[in-house]
Amino acid sequence: MNEECEKIVRSAAKKIVTMEVRGAARIAKFAAETLKAFAESLNVSDPEEFDKKMKWAARTLLDTRPTAVSLYNAVNYVMSYSGESVEEKKESVVERANRFVEWVRTAHKNIGEFGAKRIKKGSTVMTHCNSSAALSVIKEAYKQGKVEMVFATESRPRRQGFLTVKELASEGIPVTLIVDSAVRYFMNEIDCVIVGADTITANGALINKIGTSQIALAAKEARVPFMVAAETYKFSPKTLFGDLVVIEERSAEEVAPPEILSLNINVRNPAFDVTPREYIDVIVTEVGAIPPEMAYLIIRERLGYTFREEGEISVSPKHFD
Ligand code: RUB
């Protein structure tokens with residue numbers, strides 16, 4: 001019976017690893033939903049056994065992809081469940097998972113509204129990869145009649161840019177697809193760059209799809225504002241305690257075909273890169289549009305972490321508590 005339950009988690013983990021479920025927000029929501037489904041179907045009577053199984057599920061999900069802190073925050077949020085009996089614990093898991101999913105849903109609405117205020121009428125905007133948060137800004141600004149054209153990068157090697165152009169085109173939003181190496185060529189035509197985030201560190205740096213930092217560099221050179229759309233669960237509490245963000249390196253097969261790989265060459269395929277805070281004009285979160293320097297406050301106020309005091313840190317994000 002519980003082997004069947006474990007399948008829920010193993011299959012979810014596989015979907016994240018193979019990127020059937022991808023993007024920091026989607027992964028986080030999916031992890032919360034998976035923990036909920038697992039808890040609901042667990043057939044145990046011993047509360048300690050329940051905790052053990054939940055920890056196994058949490059660890060299995062956390063071990064899928066290392067970079068997006070949204071996954072860690074989602075798992076941590078649900079795993080802060082309470083209760084004495086198995087039934088109470090289950091109820092608490094379900095409640096927390098539902099709250100997290102609601103957090104994801106409502107955050108996008110606010111981010112869209114706040115971000116759109118910073119887009120001028122008649123704008124051409126550029127985005128990279130496929131970010132639900134960045135697209136919520138673009139869609140809202142378009143609805144308000146402010147966006148004339150969206151430049152979307154292909155986003156090699158996985159070409160998530162195709163998802164972006166499909167999504168925008170399906171809503172009738174004018175979009176131009178470009179290869180990643182054409183970013184600087186077109187930057188003078190751009191009024192604002194809008195990207196999403198996998199992680200924001202305590203010092204305000206952005207970790208996002210590989211190529212983001214090159215776009216930020218080109219934007220700075222051309223004095224084009226660079227906006228990051230990031231829900232507060234994309235901020236990393238761990239970086240407050242000195243942890244470095246692990247950048248996922250994916251397989252060489254994503255980059256080159258077999259005849260090239262057979263040449264016995266090295267291939268490196270980092271999935272994300274780091275954009276220092278100096279390149280970021282604003283981070284639009286669901287609680288406001290903030291400078292990157294305010295990242296620590298977000299981690300403290302929204303996620304409930306403060307600098308370590310007397311060996312204690314709070315681990316329960318405060319959002320809905
Ligand atoms: C996706 C990516 C996205 C962020 C933000 O990378 O880098 O820009 O995750 O997306 P991958 P969202 O495709 O490798 O997961 O705003 O939807 O969370």
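Everything numeric here is computed off the predicted structure, so don't read it as measured data. Computation of the quantities below employed the complete heavy-atom set of this structure, encompassing side-chain atoms and omitting hydrogens, waters and symmetry-equivalent molecules. For ligands, and for the atoms within them, numbers begin at 1 and follow the listed sequence.
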Checklist line | Salt-bridge criterion met for Glu254 and Arg158 (N-O under 4.0 Å) | finding: yes
Margin query: Which label fits Trp103 and Tyr233: parallel for a plane angle under 30°, tilted from 30 to 60°, or perpendicular past 60°?
Written below: perpendicular
Margin query: Between Glu248 and Arg250, does any NZ, NE, NH1 or NH2 come within less than 4.0 Å of an OD or OE carboxylate oxygen?
Written below: yes
Check: Quick check, are the ring centers of Phe186 and Phe151 under 6.0 angstrom apart?
Finding: yes
Notebook entry, point to check: Does Tyr305 have its ring centroid less than 6.0 Å away from the ring centroid of Tyr296?
Noted result: no
Item checked: Between Thr67 and Asp198, a side-chain donor and acceptor under 3.5 Å -> no
Checklist line | ligand 1 contact by Glu248, heavy-atom criterion under 4.0 angstrom | finding: no
Checklist line | Residue and atom name of the nearest protein heavy atom (relative to atom 4 (C) of ligand 1), distance in Å to one decimal | finding: Asp198 OD1, 3.2 Å
Item checked: Flag for Glu286-Thr232: side-chain donor and acceptor within less than 3.5 Å -> yes
Notebook entry, point to check: Should you measure from each heavy atom of Met19, which atoms of ligand 1 turn up under 4.0 Å away?
Noted result: 11 (P), 13 (O), 14 (O)
Check: Could an N or O of ligand 1 be found under 3.5 Å from any N or O of Ala25, whether backbone or side chain?
Finding: yes
Check: Would you say Ala68 contacts ligand 1, with heavy atoms under 4.0 Å as the rule?
Finding: no
Next item on the list: Note the single closest protein heavy atom to atom 9 (O) of ligand 1, along with its residue, its atom name and the distance in Å.
Entry: Ala24 N, 2.9 Å
Margin query: Side chain, backbone, both or neither: which applies to Ala197 and ligand 1 if a contact is any heavy-atom pair less than 4.0 Å apart?
Written below: backbone
Checklist line | Nearest-contact summary for atom 16 (O) of ligand 1 - protein heavy atom, Å | finding: Ser131 OG, 2.7 Å
Margin query: Check this for me - ligand 1, Ala134, N or O atoms closer than 3.5 angstrom, yes or no?
Written below: no
Check: Taking atom 12 (P) of ligand 1 as the point of reference, which of Ser132, Ala271, Gly23 owns the nearest heavy atom?
Finding: Ser132
Next item on the list: Ignoring angles and geometry beyond distance, decide whether Ala133 reaches within less than 3.5 Å of ligand 1 through its nitrogen or oxygen atoms.
Entry: yes
Notebook entry, point to check: Taking distance alone, with no angle check, do Gln160 and ligand 1 share an N/O pair under 3.5 Å?
Noted result: yes
Next item on the list: Could you tell me whether some N/O pair between Lys209 and ligand 1 is separated by less than 3.5 angstrom?
Entry: yes
Margin query: Take a 6.0 Å sphere around CZ of Phe162 and say whether it holds more than 12 heavy atoms from other residues, nucleotides or ligands.
Written below: yes
